[in-house]
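Data block below; observations after.
Source: prediction; values computed, not measured. Counting starts at 1 for both ligands and their atoms, in listed order.
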Amino acid sequence: MDTPFTTDHGRPIPTLHSSLRAGARGPVLMEDFLLREKLFHFDHERIPERIVHARGTGAHGVFECVRAIPELTSAGLFQKAGTQVPVFARFSTVAGSQGSKDTARDVRGFAVKFYTDQGNWDLVGNNMPVFFIQDAMKFPDLVHAVKPEADRGFPQASSAHDTFWDFISLMPESLHMILWVMSDRALPRSLRMMEGFGVHAFRLINAAGEAHFVKFLWKPHLGLQSHLWDEAVKLAGADPDFHRRDLWEAIETGDFPAWDLAIQVLTEAEAAALPFDILDPTKLIPEELVAPITIGTMTLNRNPDNHFAEVEQVAFLPSNLLPGMDFSDDPLLQGRLFSYLDTQKSRLGTANFAQTPINAPRCPMRNFHADGMMQMGRPKGRVTYEPNSLAPEPEPVFPTQPGATGSKQRPRPFADPLSQALMFWRSQSLTEQDHIVAALVFELGKVTLAAVRLRMLDCLARIDETLGGRVAEGLGAAAPTAAALPPPLLSPQLSILFRVPPVKGRVIGVLVSDGAPDAELTAVLEAAEVEGLAVKIIAPRIGGVDLASGQRLVPDLQLDGSPSVLFDAVALVVSEQGARLLAQDKAAVDFVADAFAHLKALAHGPQAAALLARAGVRPDDFILSLPAEAGRLAARVSQRHWPRNLTQTNPERT
Ligand code: HDD
């Protein structure tokens, strides 16, 4: 760097290693303003973390409108296909604090700031299409219930505890969301492989003033994929930063993640004909009822320069809509409209937070808001009031559309909390149902209050007796009974396993040893290249191994600390002697045994036999031989071999 070090005020200074003292061993002098400035700044480095969604990561990118919708909205962004605007996206977990793990079972925040020439549009959504509660009045209660318990300060980043389930068991409206959170959606394989949802109904207004209800959906180009619970737990230890590293590395290597933005559009009459209230954020509109229309694509192509300045200071406001968009009267959304402004002031310390570079609009901004702490602008002129006769009036640009207003009241919750929970449950594959049951058994097993557990079992049985019965069995409790609900609409789109995801963006982990056959390694590398997959080479020592040809191979990772949960599929490229040695190495045996237990595709040469035997690997369709089946390994990298799942055949469980 050419720029010399300076004080915060610009005075050049040398690099400082010691403070100014009265003699070599004497006290530090008060005169040492350089020490004072350095410590002063350090002492003030922290700001309050977000009260929810504290742990996040983000990236810059571009959004392109791919389909103009002037018939629906007058927003400039959607007038012409091909219009591009910069975006910043932040993904987060909800419950954990900033230093918690990435792979917690949790909802993921999916917030996008679009910097348009009509101001910022913030689409502040989640990776699930519904929410726990219907009214913002209950939000502080929900968050208090899931956060560490007030007296003991734990558990961190986990809903598996008494207060959460106590609250949930008393809130039937939360049951639909609970099934989502207990499903594999709460364990995304990658932030790049999850959907996003605006959750609420919004309104789009066209130039003629006509309004439509709209729901926003993000569809990942890499498809949907999830971790197994066991992987998520192990990853929390092996790499608590798994998701942020995955996103960072994908962008660094030019493998830019992308999502389509789609809308589900309804006229007010169509919305009124839905079997539930469109203003109810605990209900989704099945894609089978209203097909999503793709209107744009977001590509994330640049990592932040500075995590604090960008990811930490970005301030989303659901109230940031474009002209041609409007809120609905969803009471949860209405509450969010003022909560976020409060939180930004509390975190960023000043009403001028919108002037920070990550938050500032990229278009001209003009109003008569004046002064305040940390005012960065220097508005010119003597007029800061209206009406005035000394400076031109600003044009009104954001006419608010009339909503459906009614008389003042505190109404009862939206009706029917159960039928969409049943739709979600019945639309899952058997494997996914197993996972939901296992998650509920795990979480409720952590609940120490028997009355809460029973109340929760009762709630589950009211959704579906089989669901309630299976969870009761897992807990060793009596099966609750309840009246059956009418059969629901089935929505296969709600199942992750309904679709086979593409293979792009996945990683093969190749465990190598000294004397490993070059041809096997080449076969894996070539197959990965054909499919556009990343490969990580793992060796017992970071210094490398000598292949059979004598060529030195320096790995990406050392075996200790690189368990197979980090990869989507694995290959064992080892010599016979290497396999025998690795069979004595716990990390290597766990590497193979975990890949097998996590139902992954595994390819190996004939020399790997000793290691396979030690790890308990049995042949099946996803155990492939090298070099011949390297292509099949690459083709199966985004899938799991569910029939291998022991829980389905374990006689103790059936
Ligand atoms: Fe919220 C943050 C998403 C309901 C109050 N929320 C926050 C973030 C996301 C969401 C993605 C993190 C933004 C970021 O990355 O900086 N929140 C949602 C969704 C909701 C929802 C999808 C329901 C559909 N939230 C909700 C309600 C309230 C809040 C009902 C309060 C009335 N949310 C907040 C907050 C946060 C926040 C306390 C914490 C940090 C922040 O706003 O900037 O104000």
Side-chain angles (χ1 to χ4, degrees), residues 47-60 87-98 102 106-113 120-147 171 173-174 176-177 180-181 185-186 191 194-202 215-218 243-244 247 278-284 300 304 307-320 327-328 330-349 353-354 356 358-359 414:
I47 63 171
E49 68 173 33
R50 288 169 177 78
I51 191 157
V52 281
H53 296 268
R55 184 167 175 80
T57 186
H60 296 270
V87 294
F88 185 77
R90 183 175 181 275
F91 304 107
S92 46
T93 55
V94 177
S97 60
Q98 217 187 118
D102 275 357
D106 204 349
V107 192
R108 296 301 185 286
F110 193 128
V112 181
K113 196 180 272 294
N120 293 349
W121 172 29
D122 293 354
L123 186 52
V124 197
N126 281 338
N127 75 330
M128 297 179 190
V130 289
F131 202 65
F132 297 91
I133 49 169
Q134 298 173 345
D135 190 316
M137 186 68 102
K138 299 311 298 168
F139 190 71
D141 300 300
L142 166 73
V143 175
H144 290 170
V146 73
K147 283 272 178 180
M171 292 285 293
E173 71 195 42
S174 68
H176 183 197
M177 178 67 163
W180 282 82
V181 179
R185 298 263 181 167
L191 300 170
M194 60 185 199
E195 291 182 331
F197 301 90
V199 181
H200 311 282
F202 289 87
K215 291 237 184 187
F216 293 103
L217 301 82
W218 292 107
H243 281 147
R244 58 199 49 212
L247 181 67
I278 192 158
L279 303 183
D280 175 358
T282 66
K283 306 289 195 309
L284 59 89
L300 298 182
H307 181 84
F308 181 84
E310 293 156 277
V311 180
E312 204 43 31
Q313 292 204 126
V314 66
F316 293 95
L317 300 170
S319 49
N320 279 351
F327 316 110
S328 70
D330 173 342
L332 194 70
L333 174 60
Q334 295 281 322
R336 294 179 74 193
L337 297 181
F338 42 88
S339 186
Y340 287 68
L341 196 56
D342 275 348
T343 227
Q344 309 313 352
K345 165 69 176 65
S346 155
R347 295 193 61 239
L348 302 173
F353 71 86
T356 42
I358 192 72
N359 293 310
F414 291 108

_Within ligand 1, which atoms have a heavy atom of A136 less than 4.0 Å away?_
32 (C)
*Output all residues satisfying ring-ring contact (aromatic ring centres under 6.0 Å, His included) with F91, sequence neighbours left out; order by chain, then residue number.*
F110, W259
*Of all heavy-atom pairs between P304 and A59, which one has the smallest distance, and what is that distance?*
CD-CA, 4.4 Å
*Is there a donor-acceptor pair under 3.5 Å between the side chain of D122 and the backbone N or O of A111?*
no
*Quick check: does Q344 get an N/O under 3.5 Å from an N/O on ligand 1?*
yes
*List every atom of ligand 1 that sits less than 4.0 Å from any heavy atom of T343, numbering the atoms from 1 in the order shown and giving each element.*
38 (C), 40 (C), 41 (C), 42 (O), 43 (O), 44 (O)
_Residue portion contacting ligand 1 (non-hydrogen atoms closer than 4.0 Å) for V124_ = both
*Pi-cation contact, F197 with K215 (under 6.0 Å, within 45°)*: no
*Numbering the atoms of ligand 1 from 1, which are under 4.0 Å from a heavy atom of F316?*
13 (C), 14 (C), 15 (O), 16 (O)
*Look at atom 31 (C) of ligand 1 and say which protein heavy atom is nearest, naming residue and atom and giving the distance to 0.1 Å.*
F139 CD2, 3.2 Å
*atom 7 (C) of ligand 1: the protein heavy-atom neighbour that sits closest, reported with distance to 0.1 Å*: H53 CD2, 3.2 Å
*Please state which protein non-hydrogen atom is closest to atom 38 (C) of ligand 1 and give its distance, to 0.1 Å?*
I51 CG2, 3.1 Å
*asked:* Using only atom types and a distance under 3.5 Å, with no angle test, would you say the side chain of S328 pairs donor to acceptor with the backbone of D330?
replied: yes
*asked:* Under 3.5 Å, is there a donor on one side chain and an acceptor on the other for H53 and R90?
replied: no
*Do any of the N/O/S atoms of Y340, backbone or side chain, fall under 2.8 Å from atom 1 (Fe) of ligand 1?*
yes
*Please could you name the atoms of ligand 1 that H200 approaches to less than 4.0 Å, counting only its heavy atoms?*
23 (C), 24 (C)
_Which of the numbered atoms in ligand 1 are under 4.0 angstrom from any heavy atom belonging to G109?_
11 (C)
*Show which atoms of ligand 1 fall inside a sub-4.0 Å distance from at least one heavy-atom site of F110.*
11 (C)
*Considering distance alone, does some N or O of S92 sit under 3.5 Å from an N or O of ligand 1?*
no
*N/O to N/O below 3.5 Å, does that happen between R50 and ligand 1?*
yes
*What protein heavy atom sits nearest atom 18 (C) of ligand 1, and how far away is it?*
R336 NH2, 3.0 Å
*Over all heavy atoms of both residues, which pair between A136 and G335 is shortest? Give the atoms and the distance, please.*
CB-CA, 3.4 Å
*asked:* Can you tell me how far apart CD (Q98) and CD (E49) are? Round to the nearest 0.5 Å.
replied: 5.5 Å
*Please step through side-chain contact (heavy atoms from CB on, under 4.5 Å) for the pair W180 and L284, ending with a clear verdict.*
CA-CA 12 Å; W180 282 82; L284 59 89; 3.6 Å; yes
*Please report which non-hydrogen protein atom sits nearest to atom 22 (C) of ligand 1, along with the residue it belongs to and the distance in Å to one decimal place.*
N126 ND2, 3.2 Å
*Side chains of L333 and F202: closer than 4.5 Å at any heavy-atom pair?*
yes
*Please identify which atoms of ligand 1 are closer than 4.0 Å to at least one heavy atom of L332.*
23 (C), 24 (C), 30 (C)
*Under 4.0 Å, heavy atoms only, figure out whether ligand 1 is touched by the backbone of V199, its side chain, both or neither.*
side chain
*Between V311 and F88, does a side-chain contact (heavy atoms from CB on, under 4.5 Å) hold up when you go through it step by step?*
CA-CA 9 Å; V311 180; F88 185 77; 4.0 Å; yes
*asked:* Around atom CG of L337, are there more than 12 heavy atoms from other residues, nucleotides or ligands closer than 6.0 Å?
replied: yes
*Which of the atoms in ligand 1, numbered in the order shown and given with their element, are less than 4.0 Å from a heavy-atom of R90?*
14 (C), 15 (O), 16 (O)
_Determine whether T93 and R108 satisfy the following criterion, side-chain contact (heavy atoms from CB on, under 4.5 Å), listing intermediate values before the conclusion._
CA-CA 5 Å; T93 55; R108 296 301 185 286; 3.6 Å; yes
*Considering only protein heavy atoms, which is closest to atom 11 (C) of ligand 1, and at what distance to one decimal place?*
G125 O, 3.1 Å
*Among the heavy atoms of P281, does any lie under 4.0 Å from an atom of ligand 1?*
no
